[in-house]
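Taking it in order: structure first as structure tokens, then the write-up.
Sequential numbering from 1 along the given sequence is applied to the chain's residues.
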Amino acid sequence: MGRDTIADIITSIRNADINRKGTVRIVSTNIAENIVKILLREGFIENVRKHRENKKSFLVLTLQHRRNRKEPYRALLNLKRISRPGLRIYSNYQRIPRILGGIGIVILSTSRGIMTGREARLEGIGGEILCYIW
């Protein structure tokens, strides 16, 4: 794990999805919990539970997978980190991008917490664009 916890979360989920793993275990932080709540609410993951081991908390995510195994495998989750420690990307509420015409979501860090691009547009606030998910 590096210093960029958001990139670590995204990479863990992406790798588990590509390798058809059913569950992913990530370190529990406030940012991780907020991002996972958004993923659960938007339907990108099936379930999440908190696990405690040796005084450390982990989040165990259950990923959604296709049941039909006859077709070639395509990743269900596409995650892309936008703002990073070396280059922060900010946007006002009018310029928050729409991913695939509204099918995907944008996760932002705003002054009112971490939220989706749709919620930020409704509240009229901008912030740092953390990642795209589609």
Side-chain angles (χ1 to χ4, degrees):
M1 294 285 187
R3 293 182 183 256
D4 189 6
T5 58
I6 299 169
D8 292 339
I9 293 165
I10 290 172
T11 303
S12 298
I13 294 172
R14 184 185 312 117
N15 289 342
D17 186 48
I18 289 171
N19 292 322
R20 298 184 187 186
K21 301 288 184 189
T23 60
V24 181
R25 191 175 98 164
I26 58 174
V27 177
S28 178
T29 61
N30 288 337
I31 294 173
E33 287 180 15
N34 290 330
I35 291 174
V36 167
K37 282 179 190 175
I38 290 173
L39 291 175
L40 185 64
R41 186 176 63 226
E42 296 289 329
F44 288 104
I45 58 176
E46 283 183 15
N47 191 13
V48 63
R49 64 183 167 87
K50 208 164 193 178
H51 177 69
R52 191 158 177 86
E53 184 177 304
N54 296 335
K55 298 183 181 180
K56 285 190 176 183
S57 294
F58 295 97
L59 295 172
V60 180
L61 312 176
T62 305
L63 301 178
Q64 292 183 348
H65 288 284
R66 267 187 244 109
R67 307 296 182 231
N68 185 4
R69 298 194 183 258
K70 294 186 181 193
E71 63 188 45
Y73 182 73
R74 268 188 11 233
L76 287 179
L77 279 174
N78 291 307
L79 301 106
K80 184 176 181 185
R81 177 80 160 118
I82 302 301
S83 185
R84 50 191 171 88
L87 179 65
R88 302 288 186 185
I89 307 294
Y90 296 96
S91 175
N92 63 10
Y93 78 96
Q94 297 158 336
R95 296 189 183 267
I96 295 173
R98 296 183 198 278
I99 307 303
L100 293 178
I103 295 172
I105 63 170
V106 178
I107 297 181
L108 291 119
S109 176
T110 67
S111 58
R112 296 186 192 154
I114 295 178
M115 61 179 64
T116 64
R118 186 177 343 111
E119 294 169 347
R121 273 188 225 100
L122 288 175
E123 291 191 24
I125 55 175
E128 180 183 354
I129 300 174
L130 298 178
C131 60
Y132 297 156
I133 301 171
W134 69 94

Which residues pass the side-chain hydrogen bond (donor to acceptor under 3.5 Å, both in side chains) test with [X], not counting sequence neighbours?
X: Ser57; value: Arg52
X: Ser28; value: Glu33
X: Arg98; value: none

Side chains of [X] and [Y] in contact at under 4.5 Å (non-hydrogen atoms):
X: Leu39; Y: Ile13; answer: yes
X: Asp17; Y: Leu79; answer: no
X: Ile133; Y: Leu77; answer: yes

Original post:
Which heavy atom in Gly124 sits nearest to a heavy atom in Tyr93, and how many Å separate them?
Top reply: O-CD2, 3.5 Å

Subject >> Over all atoms of both residues, closest heavy-atom pair of Trp134 and Phe44 >> reply: C-CE2, 4.2 Å

Distance check, rounded to the nearest 0.5 Å: [X] atom [atom1] versus [Y] atom [atom2]?
X: Asn92; Y: Arg121; atom1: CG; atom2: CZ; answer: 11.0 Å
X: Ile31; Y: Asn34; atom1: CD1; atom2: CG; answer: 8.0 Å
X: Ile10; Y: Ile35; atom1: CD1; atom2: CD1; answer: 6.5 Å

Ignoring hydrogens and angles, write down the donor-acceptor pairs under 3.5 Å from the side chains of residues 103-111, residues two or more places apart or on other chains.
{"residue": "Thr110", "atom": "OG1", "partner": "Arg112", "partner atom": "N", "Å": "3.2"}
{"residue": "Thr110", "atom": "OG1", "partner": "Gly113", "partner atom": "N", "Å": "3.4"}
{"residue": "Thr110", "atom": "OG1", "partner": "Gly113", "partner atom": "O", "Å": "2.7"}

Subject >> Verify same cluster id: Leu87, Tyr90 (apolar side-chain graph, 4.5 Å) >> reply: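 No, no single cluster joins them.
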
Original post:
Is there a path of hydrophobic side-chain contacts, each under 4.5 Å between heavy atoms of I, L, V, M, F, W or Y residues, that connects Ile9 with Val48?
Top reply: yes

Subject >> Candidates Leu40, Thr62, Ile38 - the one meeting side-chain contact (heavy atoms from CB on, under 4.5 Å) with Ile45 >> reply: Leu40

Subject >> Whichever hydrophobic residues join Met115 through chains of side-chain contacts under 4.5 Å >> reply: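 When side chains under 4.5 Å apart are linked, the cluster holding Met115 also contains Ile125.
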
Original post:
Which pairs pass salt bridge (charged side-chain N to carboxylate O under 4.0 Å, His left out) with one or both residues in residues 76-89, sequence neighbours excluded?
Top reply: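 Applying salt bridge (charged side-chain N to carboxylate O under 4.0 Å, His left out) to every pair that reaches into residues 76-89, excluding sequence neighbours, yields Asp4-Arg81, Arg88-Glu128.
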
Test of understanding: with side chain to side chain contact (heavy atoms under 4.5 Å, CB included), list the residues that count as partners of [X], not counting sequence neighbours.
X: Glu53; answer: Arg25, His51, Phe58
X: Leu122; answer: none
X: Ser91; answer: Arg95, Ile96, Ile129

Subject >> Counterpart residues, salt bridge (charged side-chain N to carboxylate O under 4.0 Å, His left out), relative to Arg41 (two or more places apart) >> reply: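 So Arg41 forms a salt bridge (charged side-chain N to carboxylate O under 4.0 Å, His left out) with Glu119.
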
